[in-house]
Protein chains: 2
Amino acid sequence: MPINYFIEQLQAKGVKITPQRQEIIKVFLESQDLHLSAEEVHRRITVKFPSMSLDTVYRNLSMLQKLGILTELNFGDRKSLFEINNSQHHHHLICTKCGGSQEIEFCPLDFLDKQHIKNFKVQKHSFEIFGICANCMQ
Amino acid sequence: MPINYFIEQLQAKGVKITPQRQEIIKVFLESQDLHLSAEEVHRRITVKFPSMSLDTVYRNLSMLQKLGILTELNFGDRKSLFEINNSQHHHHLICTKCGGSQEIEFCPLDFLDKQHIKNFKVQKHSFEIFGICANCMQ
DNA sequence: TCCTAATTAGGAATTATTACTATTTAAGAT
DNA sequence: ATCTTAAATAGTAATAATTCCTAATTAGGA
Ligand SMILES: [Mn+2]
Ligand SMILES: [Mn+2]
Ligand SMILES: [Zn+2]
Ligand SMILES: [Zn+2]
C-alpha cells in the first residue's frame with residue numbers, strides 16, 4: 001500500500017494531516033513485517049527531524065491503532081510494539097532467547113466455537129507463541 | 001489442591017520454604033480463578049504481615065512462574081497478572097470497559113498445524129480475546 | 001548448635017508511558 | 001490570500017510498574 005492510502009484514511013476520519021503523522025507512517029512502510037516500539041519509531045524519525053517529540057509519537061501510535069491502521073503487539077517484555085496493517089492478519093512466534101519473531105498465518109478465531117463468545121462483543125485478540133527459535137537452538 | 005502440594009514442589013526444586021513464599025501461595029488458594037497483580041498480592045498479605053516487602057513479592061511471583069506453579073497473564077494494561085495452575089488450562093475474554101475477565105476452555109494449540117512451529121521449541125503461549133462483556137452491553 | 005548460601009526488607013533506580021501547558025499549525029471560512 | 005480556531009505539537013514533569021542494590025536475616029544441612 002502506498003502512503004496515500006493511509007493518508008486518505010486519516011482524512012476520512014477528520015484528523016489533521018501533519019508532517020509528524022506522515023513521518024510515522026513512512027517509518028512503518030520502509031520495510032515489511034516491522035515491529036517497532038515507540039522509542040524505536042522516535043529514534044528513526046529524529047535522525048532526519050530532530051524536533052519530533054516522543055510524546056507525539058506515543059499520541060499518534062495510539063491514535064493510529066484506534067483507527068485500525070496499526071496493530072499493537074505485546075511480546076512479553078513490558079513495552080508495546082506496533083506494526084502496520086499492510087499484509088494479511090497473522091500472529092507470531094517469539095524467541096525468548098534472542099527476542100526475534102517470526103510470523104505465522106494461523107488465527108485462533110478461525111477455529112473458535114462461537115459458543116464460547118456468546119454475549120461478548122469481540123473487538124480484538126492476541127495470540128503469541130513463545131519459545132526458542134531455530135538459530136538459538138544451534 | 002492443598003497448599004502442601006505446592007510446598008512439596010518447592011522442596012523438590014531445592015528452594016527454601018519461607019513464610020513469605022507460603023503466604024503468597026495461600027493468597028492464590030484463597031479463591032478460585034483469581035488474577036492478581038504483584039501490588040494486589042502484596043496488599044493482601046500486608047494486612048496480616050506488614051513487613052512483607054514488595055520486592056519479595058515480585059521475586060517470588062517470577063520464581064513461581066518459572067517453576068510452573070503460577071501463570072503470568074497480560075491483559076493489555078501494562079501490568080502482569082498471575083494465577084495459580086490449579087485448574088484446567090484455559091484462556092480469557094477480557095472486557096475493555098470494566099476490565100473484568102471470563103475464562104474459556106479453548107486453546108489454540110489444539111488446533112495449530114504443527115507445520116507452523118517446525119524448528120521452534122514451544123515454551124508457552126498467550127491467547128486472549130478483548131471486547132465488551134454482557135454486563136457492559138446493558 | 002553452628003554455618004552459610006539463599007532470601008529478605010527497605011529504599012533507590014530504571015523504564016515505559018501519560019499528563020501538563022504554552023506555542024504552533026492545518027485546514028475550513030471569509 | 002488572509003483570518004480564525006480547534007487540533008496538534010514540543011518539551012518537560014509526573015506516574016506506574018518493575019528491577020536493582022545492599023546490609024541484615026534465616027532455612028536447612030552439617
Ligand atoms: Mn507481524
Ligand atoms: Mn484464568
Ligand atoms: Zn488472529
Ligand atoms: Zn492455551
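Just so it is clear, the model here is predicted, and its values are computed rather than measured. Heavy atoms only: backbone and side chains are in, while hydrogens, waters and symmetry mates are out. Chain naming here is simple, since letters A, B, ... match the order of the sequence lines and numbering starts at 1 in each.
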- Nearest-nucleotide 5' precedence on DNA chain D, B:Val15 against A:Arg21: A:Arg21
- Query: Between A:Met52 and B:Tyr58, which is nearer to the 5' end of DNA chain D once each is assigned its nearest nucleotide?
  - Reply: A:Met52
Length of the line joining [X]:[atom1] and [N]:[atom2], which is rounded to integer Å:
{"X": "B:Leu61", "N": "C:dT7", "atom1": "CG", "atom2": "P", "answer": "15 Å"}
{"X": "A:Glu72", "N": "C:dA16", "atom1": "CD", "atom2": "P", "answer": "14 Å"}
{"X": "A:Lys79", "N": "C:dT17", "atom1": "NZ", "atom2": "P", "answer": "8 Å"}
{"X": "B:Arg78", "N": "C:dT17", "atom1": "CZ", "atom2": "P", "answer": "6 Å"}
{"X": "B:Ile17", "N": "C:dT7", "atom1": "CD1", "atom2": "P", "answer": "10 Å"}
{"X": "B:Leu73", "N": "D:dA17", "atom1": "CG", "atom2": "P", "answer": "16 Å"}
{"X": "A:Asp55", "N": "C:dT21", "atom1": "CG", "atom2": "P", "answer": "13 Å"}
{"X": "A:Glu39", "N": "C:dT15", "atom1": "CD", "atom2": "C1'", "answer": "9 Å"}

- With respect to A:Phe6, which candidate in A:Arg21, A:Gln22, A:Met1, A:Gln11 satisfies the side-chain contact (heavy atoms from CB on, under 4.5 Å) definition? A:Met1
- Just by modelled atom types, is the A:Gly76 backbone N or O under 3.5 Å from a matching donor or acceptor in the A:Asn74 side chain? no
Within less than 4.0 Å of OP1 or OP2 of [N], is there a side-chain N or O belonging to [X]?
{"X": "A:Thr56", "N": "D:dA10", "value": "yes"}
{"X": "B:Gln20", "N": "C:dA9", "value": "yes"}
{"X": "B:Thr18", "N": "C:dT8", "value": "yes"}
{"X": "A:Arg59", "N": "C:dT18", "value": "no"}

- Item | Side chain of A:Pro19 (C-beta onward), nearest among D:dA27, C:dA26, C:dT17 | C:dA26
- In terms of ring plane angle, is the pair B:His91 and B:His125 parallel, tilted or perpendicular, where the classes change at 30° and 60°? tilted
Report which part of the nucleic acid [X] touches: base, sugar-phosphate, or nothing (heavy-atom distance under 4.0 Å, all strands).
{"X": "B:Pro50", "result": "nothing"}
{"X": "B:Lys16", "result": "base"}
{"X": "A:Ser80", "result": "sugar-phosphate"}

- Given the side-chain rings of A:Tyr58 and A:His42, with only the six-membered ring counted for Trp, is the space between their centroids under 6.0 Å? no
- Chi angles and distances behind the ring-ring contact (aromatic ring centres under 6.0 Å, His included) call for B:Phe75, B:His35: CA-CA 10 Å; B:Phe75 284 1; B:His35 307 127; 5.7 Å; yes
